[in-house]
Every structure is written in structure tokens, then in C-alpha cells.
Amino acid sequence: MARLTPYITTKVEDSVRESLKFIGDLILSIYRDKVPVKTGALRRSLSYRINVNSGAYQLQLGYLAYGAFQDLGVKGTMGSFASARNSPFQFKSKTIGGSLPFAVRREIAEAGLRAKNWTQLDETDLEQINADIQFLFGQTLDELFPVIF
């Protein structure tokens, strides 16, 4: 009986990794639909990895650093968009760099950047993820991972 333990443990670990990979793919699909696109670089940078630390599994999502500014917004030097008030980011100088006309760059620094909240999963997103998981695994996300989620 003791010989089966490593085999069973490996099968359970493989199943957890496969489930997390499926969930990661679903979340990336939703993010790809929501992410603001100008050049497509941010969308192409979306990725995830599965980490295991002290036996605990974690799905870590990643993207280019500037995606955080677009997601959370940036408070301006003079005021801010209401949707950026809770942002940890704020412009420090009176103007920003770039090729836009000076008046536009100054206005952006003063007013800030509106938050797009593209990484926020709303109820519809969570329902979609749960429905897909239940269809494939026969259980909801909460039933599959009661302790994790």
C-alpha cells in the first residue's frame, strides 16, 4: 500500500495543475477581451504561471508593467478622475514625456489617467468561469477548491 502513495500524490498534483491551467486559460481569455489595445503589446504579454510554495498552489498572472497604470489609473497633479482616486499611482511632474503636443502632455499630468479596471472579474466573468468549470469537471470552482477559494 505504501508504494501507491507517490503514484496517488503525483496523480492528485497533476490533476490540480491541470485544473489551475484550465482556470488560468479562462481568466486570460477574459482579460484578452477586456484589455485596452493600442499596439497589442499588452495583450500579447498576458501570461500566467502555476507556483507551488510549501505545498500550496498559486496561479500568478502577469503582464507588462504599464498595464497596472491602465488598469488602476493614475492620479493627476491638480485633480484626478474619480475612477483613479484609489490608485496607488500619481504623476509627480507638471508634464509627461512622449510625442504628444506639450499642452496635451501637461493636461494628462494635471488631470491624470482614467482607470480601465480591465483585470477586475465581474459577476458575469465569474459565472462564465464557474459554468465552464462545472461543465468540464462536474463541480463548481468552490466545490473543486473549497479551501483555496
Side-chain angles (χ1 to χ4, degrees), residues 2-77 79-93 95-100 104-105 108-109 111-149:
R3 291 183 190 168
L4 287 177
T5 303
Y7 174 78
I8 293 170
T9 301
T10 301
K11 286 295 185 186
V12 169
E13 289 173 352
D14 289 349
S15 178
V16 169
R17 283 183 179 277
E18 190 174 313
S19 299
L20 286 173
K21 183 181 179 318
F22 178 80
I23 294 167
D25 290 343
L26 282 174
I27 292 171
L28 285 188
S29 173
I30 292 168
Y31 281 2
R32 284 189 178 109
D33 289 342
K34 290 182 165 192
V35 68
V37 177
K38 185 173 181 180
T39 66
L42 182 57
R43 178 184 280 164
R44 286 189 302 275
S45 76
L46 293 170
S47 64
Y48 69 88
R49 68 178 175 209
I50 299 168
N51 296 326
V52 182
N53 189 5
S54 301
Y57 287 83
Q58 179 185 33
L59 189 65
Q60 183 178 15
L61 299 162
Y63 46 85
L64 291 172
Y66 76 86
F69 301 114
Q70 290 190 339
D71 183 40
L72 301 173
V74 182
K75 296 179 216 173
T77 58
S80 67
F81 284 112
S83 65
R85 285 194 184 127
N86 294 326
S87 174
F89 310 114
Q90 183 169 14
F91 288 115
K92 302 289 185 217
S93 66
T95 186
I96 63 170
S99 60
L100 294 171
V104 174
R105 291 184 290 124
I108 290 170
L113 293 174
R114 178 176 284 122
K116 304 243 185 344
N117 296 319
W118 62 270
T119 64
Q120 307 302 312
L121 297 176
D122 60 25
E123 283 300 315
T124 305
D125 299 329
L126 295 174
E127 287 172 9
Q128 175 189 343
I129 291 170
N130 230 349
D132 289 344
I133 288 170
Q134 188 163 18
F135 176 76
L136 285 174
F137 298 106
Q139 295 178 302
T140 65
L141 193 60
D142 293 336
E143 292 167 336
L144 276 175
F145 302 105
V147 177
I148 298 172
F149 296 100

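Keep in mind the model is a prediction, meaning the values are calculated, not measured. Hydrogens, waters and symmetry mates play no part in the numbers below; they use all other heavy atoms, side chains included.
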Atom [atom1] of [X] and atom [atom2] of [Y]: how far apart are they, to the nearest 0.5 Å?
{"X": "R105", "Y": "L100", "atom1": "CZ", "atom2": "CG", "value": "7.5 Å"}
{"X": "L42", "Y": "Q70", "atom1": "CG", "atom2": "CD", "value": "5.5 Å"}
{"X": "Y66", "Y": "D71", "atom1": "OH", "atom2": "CG", "value": "12.5 Å"}
{"X": "L72", "Y": "N117", "atom1": "CG", "atom2": "CG", "value": "7.0 Å"}
{"X": "I27", "Y": "I129", "atom1": "CD1", "atom2": "CD1", "value": "4.5 Å"}
{"X": "Y57", "Y": "E13", "atom1": "OH", "atom2": "CD", "value": "4.0 Å"}

Side chains of [X] and [Y], heavy atoms from C-beta outward: is any pair under 4.5 Å?
{"X": "Q120", "Y": "D125", "answer": "no"}
{"X": "R32", "Y": "L46", "answer": "yes"}
{"X": "W118", "Y": "Y63", "answer": "yes"}
{"X": "L28", "Y": "L61", "answer": "yes"}
{"X": "Y48", "Y": "L20", "answer": "no"}

So, [X] side chain and [Y] main chain: donor-acceptor pair closer than 3.5 Å or not?
{"X": "Q90", "Y": "G76", "answer": "yes"}
{"X": "K21", "Y": "I50", "answer": "no"}
{"X": "S29", "Y": "D25", "answer": "no"}
{"X": "K75", "Y": "S87", "answer": "yes"}

Residue pair [X] / [Y]: nearest heavy atoms and the distance that separates them:
{"X": "L64", "Y": "A41", "answer": "CD1-O, 3.7 Å"}
{"X": "A109", "Y": "S93", "answer": "CB-O, 3.7 Å"}
{"X": "I96", "Y": "F91", "answer": "CG2-CE2, 3.4 Å"}

Using a 6.0 Å cut-off, check whether atom CG of N86 has over 12 heavy atoms from anything other than its own residue.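 No, CG of N86 has 12 or fewer neighbouring heavy atoms, counting only those of other groups under 6.0 Å.
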Out of the candidates L126, L121, D122, only one should pair with T124 under the side-chain contact (heavy atoms from CB on, under 4.5 Å) rule; please name it.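 Only one option passes, and that is D122.
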